[in-house]
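Structure record follows, encoded as structure tokens.
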There are 2 protein chains.
Amino acid sequence: MEIIRRKTDYAIRALIHLALHPHQETTTAEIAEEQEVPLEYLHKILQRLTHGNIVNSHRGAYGGLSLARDPEDINLLDIIETVQGKINMNKCFLGKNGCPRAPKCVFKSKWLQLEQKIAEFISQVTLQDLVDQVRQGGYQEKGGEGEG
Amino acid sequence: MEIIRRKTDYAIRALIHLALHPHQETTTAEIAEEQEVPLEYLHKILQRLTHGNIVNSHRGAYGGLSLARDPEDINLLDIIETVQGKINMNKCFLGKNGCPRAPKCVFKSKWLQLEQKIAEFISQVTLQDLVDQVRQGGYQEKGGEGEG
DNA sequence: TTATTGTGGACTATTTTAATCCACTTTACG
DNA sequence: CGTAAAGTGGATTAAAATAGTCCACAATAA
């Protein structure tokens, strides 16, 4: 089971694209084509990133998108939570409709510990980190051979 | 999005039940009733745990289930991977059908790092830990008020 | 005032997860 | 024996989550 949903994958690719093309308005269509992502779906995803104040949008002719903040100030946790929601380990183990003793439940603390570890790690990775790695050649612009 | 699937939750509840009732054959029906889990579904889940050598099954009249190992030797990672499969962060970001440069991909290392952290933490939690916490009163035998 | 671009809501399709059904095998006990 | 009580395993269906599409609309620059 993958923790990162496809839409989050798309979001990250779009954000890397924006980071690689600063100082210009980039359209959703351009990103969709370059990253080979369904246009209308990408619209939805970018809307969420806009609402999450990760990208800025500009409507109308010659409009488009740009990063709302510096890539160093956008971390992976922001991105993930904005597009796919918070990562939880489990609602609660015991009890049918959510544990009736959640406040006292000792399992819960195990999950919270883990959730926090995950969040901590993910939030330390910034968009800039990813961009740097891309610049070092760690991926190709237009993938799709499906060989890996 | 929850990382722990419902079936894994059921599995853990069943295993705790088995751990709390050692030295006897416990039937799936008994666990299903006590833990309020659909019987036929629980059958499937326990089959996986049997294949994963986490529980032993005994067919026929007066048959049933028991833990295949001591609760200290069963960890959460075993359970999760046995019932819901391996936890991955992402297949791969870049490229359409899986990243064609996976072996060189630098993103991959970020995900692998995180996967390992998660696995490390989860594998340190044993069934015995959970049972101990249950014994300390951290849950109630038959939940379901849905108040928590 | 028109072409371009994002917005937002409703909708459909696909995939995953959950749950059920049923015919079968094994086995203890009378 | 044979029968009732268990688990097994494959097929199927149901429900939920995710992915993707459609369309009418709003904003805006030329």
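Numbers restart at 1 for each chain; the letters A, B, ... are given by sequence-line order, proteins then strands. Values reported hereafter were calculated over all heavy atoms of this structure, with side chains retained and with hydrogens, waters and symmetry mates removed.
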Rounded to the nearest angstrom, tell me the gap between atom [atom1] in [X] and atom [atom2] in [N].
X       : N      : atom1 : atom2 : result
A:Arg48 : D:dA19 : CZ    : P     : 12 Å
A:Glu40 : C:dC11 : CD    : P     : 17 Å
A:Lys86 : D:dA17 : NZ    : P     : 18 Å
A:Tyr10 : D:dT18 : OH    : P     : 15 Å

It should be established whether [X] places a side-chain nitrogen or oxygen under 4.0 Å from OP1 or OP2 of nucleotide [N].
X       : N      : value
B:Thr50 : D:dG7  : no
B:Arg6  : C:dA19 : yes
A:Arg59 : D:dA26 : no
A:Tyr62 : C:dT4  : no
A:Thr28 : C:dG6  : yes

Problem set entry | Proximity to the side chain of B:Ala61 - top-ranked nucleotide from C:dT27, C:dG8, C:dA18 | C:dT27

For this session: Apply the test side chain to side chain donor-acceptor pair (under 3.5 Å) to residues A:Gln128 and A:Asp132: give CA-CA distance (whole Å), side-chain angles for both, the deciding distance (0.1 Å), then the verdict.
Result: CA-CA 6 Å; A:Gln128 185 62 54; A:Asp132 287 346; 2.8 Å; yes

Exercise. Is any NZ, NE, NH1 or NH2 atom of the basic residue among B:Glu36 and B:Arg13 found under 4.0 Å from an Asp or Glu carboxylate oxygen of the other?
Worked result: no

Exercise. Under 3.5 Å, is there an N or O donor on one side and an acceptor on the other linking the side chain of B:Gln47 and the base of D:dG7?
Worked result: no

Exercise. Can you find a donor-acceptor pair, distance only, under 3.5 Å between B:Lys44 side chain and D:dG10 base?
Worked result: yes

